[in-house]
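Just so you know, these numbers use all the heavy atoms, side chains as well, and skip hydrogens, waters and symmetry mates.
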Number of protein chains: 2
Amino acid sequence: MGRRKRFDPQDAKEAMKQIFWQQGYEGTSLQDLERVTALPKQSLYREFGDKRGMYLAALSAYEAEEVRAASRILRAHSDPKQAFAALFDAVLRPVEEQDDRRGCFLCNAASDRTTIEPAIDTWVNAAMVRMLATFTAALGDTDKGDQKARALLAGYVGIRVLARSGLPTPDLRMAANRLIESTR
Amino acid sequence: MGRRKRFDPQDAKEAMKQIFWQQGYEGTSLQDLERVTALPKQSLYREFGDKRGMYLAALSAYEAEEVRAASRILRAHSDPKQAFAALFDAVLRPVEEQDDRRGCFLCNAASDRTTIEPAIDTWVNAAMVRMLATFTAALGDTDKGDQKARALLAGYVGIRVLARSGLPTPDLRMAANRLIESTR
DNA sequence: GATAAAGGTTACTGATCGGTCCGAAAAAAG
DNA sequence: CTTTTTTCGGACCGATCAGTAACCTTTATC
């Protein structure tokens with residue numbers, strides 16, 4: 001048996017998530033990834049295969065952490081209006097309080113995907129479908145739940161993109177409030 | 001006075017718009033731009049300054065054409081519900097009929113912007129604000145028009161991003177229908 | 001026809017890109 | 001202690017990147 005790894009692949013995934021989220025796939029180089037993970041690219045290549053593998057690892061870390069946290073918020077409320085109010089609040093507070101304009105990594109990836117490869121496109125689409133299922137579940141027996149879930153997902157994605165584009169936070173709040181009202 | 005241009009800068013802008021819309025800023029190289037415009041990069045540099053100037057030219061062509069066409073659709077109906085129904089229909093038909101999954105170039109640019117430069121960020125944000133004003137005007141005197149305009153903009157942006165990510169068209173239609181209902 | 005100005009063509013630049021190769025180092029087994 | 005296996009570190013690869021320079025060609029004016 002040979003030499004032990006000196007790094008934790010989870011730590012590498014987390015660091016890669018942060019920079020791919022901020023700068024996108026094409027906007028992030030191997031040099032950037034070396035710097036943020038503090039690892040030589042040879043180690044990254046051995047662990048993740050190629051740059052696309054690194055990107056997919058970053059996306060799956062995002063789903064495991066941020067998306068899962070959002071799901072927990074939705075499930076913590078049985079009333080749909082309160083559930084979505086809590087979700088939008090959790091999403092908007094970092095923008096309002098820390099001017100965190102990164103948006104949603106998944107939403108960014110949805111726009112950022114054409115020239116990468118089909119496996120990534122498929123993955124991102126599947127992740128959006130899972131998010132839709134989460135929104136549908138949160139609406140429960142609500143009248144017209146299927147339509148509302150889709151409109152809420154679109155609104156949610158839109159708010160995240162508009163946050164990233166720099167729209168003022170009062171506008172984002174107004175949009176969120178209206179979407180919350182529409183859960184009825 | 002010297003030699004006349006052998007090309008129309010508007011044609012160049014249009015060709016650059018198409019490829020930046022499809023592949024994004026970082027995903028498009030000078031070689032790509034030469035190919036689609038059929039011009040040597042020296043001519044592009046002389047006309048547009050640098051790659052960012054080419055990108056801004058492409059974005060402004062998009063606003064002048066696609067965004068302006070959307071505005072005309074909204075203004076062609078005095079009833080807000082009909083106006084937005086027509087807008088969403090115009091946006092969803094190419095997805096349904098030709099599987100056109102490019103989404104909205106402005107929305108893509110909103111996600112694609114962090115590492116380019118502040119002037120582009122500012123421009124994209126201002127374009128979103130102009131779009132918001134168009135949506136607000138289309139709602140006219142509607143009760144809670146300000147909130148509705150913002151929710152409609154978020155929903156619109158979200159639908160465009162979800163279209164690009166590959167969500168099935170029935171889901172997109174359901175979201176649009178729900179957003180149209182919410183204009184009341 | 002000469003001149004000045006502008007555009008087109010081609011070559012060139014230094015840097016960076018994603019990815020590979022190879023020897024050195026470290027760890028475990030025998 | 002030696003051998004085998006695995007990881008680390010640095011060098012290297014061909015290609016591409018955004019951008020510049022210089023020269024040639026074309027055009028209009030005088």
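- Spacing between atom NZ of B:Lys41 and atom C1' of C:dG7 amounts to 17 Å, rounded to whole angstrom units.
- Here the P atom of nucleotide C:dC17 and the CG atom of A:Leu44 are 14 Å apart, to the nearest Å.
- Within a 6.0 Å sphere centred on CZ of B:Arg130, heavy atoms belonging to other residues, nucleotides or ligands number more than 12.
- Along DNA chain D, the nucleotide nearest to B:Met54 and the one nearest to B:Arg46 differ in position, and the one closer to the 5' end is contacted by B:Met54.
- Residue B:Leu33 contributes atom CG, which lies 10 Å from atom P of D:dC17 at whole-angstrom precision.
- Judged purely by distance below 3.5 Å, without hydrogens or angles, the side chains of A:Gln98 and A:Arg93 never pair a donor atom with an acceptor atom.
- Here the C1' atom of nucleotide D:dG14 and the CD atom of B:Gln31 are 15 Å apart, to the nearest Å.
- Look at CZ on B:Arg4: it is 9 Å from P on C:dG7, rounded to the nearest Å.
- Nearest-nucleotide mapping onto DNA chain C: of B:Phe7 and A:Arg52, the residue sitting toward the 5' end is B:Phe7.
- Checked for salt-bridge contact, A:Glu66 and A:Lys17 meet the test: a charged N lies under 4.0 Å from a carboxylate O.
- For the pair B:Phe48 CZ and D:dA18 P, the interatomic distance rounds to 16 Å; values are reported in whole Å.
- Distance CG (B:Leu30) to P (C:dC17): 16 Å, rounded to an integer number of Å.
- Counting only N and O atoms by type, the side chains of A:Glu14 and A:Gln10 include no donor and acceptor under 3.5 Å apart.
- If you check distances only, the side chain of B:Arg3 does reach the base of D:dT25 with a donor-acceptor pair under 3.5 Å.
- Nearest-nucleotide mapping onto DNA chain C: of B:Ser43 and A:Asp32, the residue sitting toward the 5' end is B:Ser43.
- A donor N or O paired with an acceptor N or O is found under 3.5 Å between the base of D:dA21 and the side-chain atoms of B:Gln42.
- For the pair B:Lys51 NZ and D:dC17 P, the computed distance is 8 Å after rounding to whole Å.
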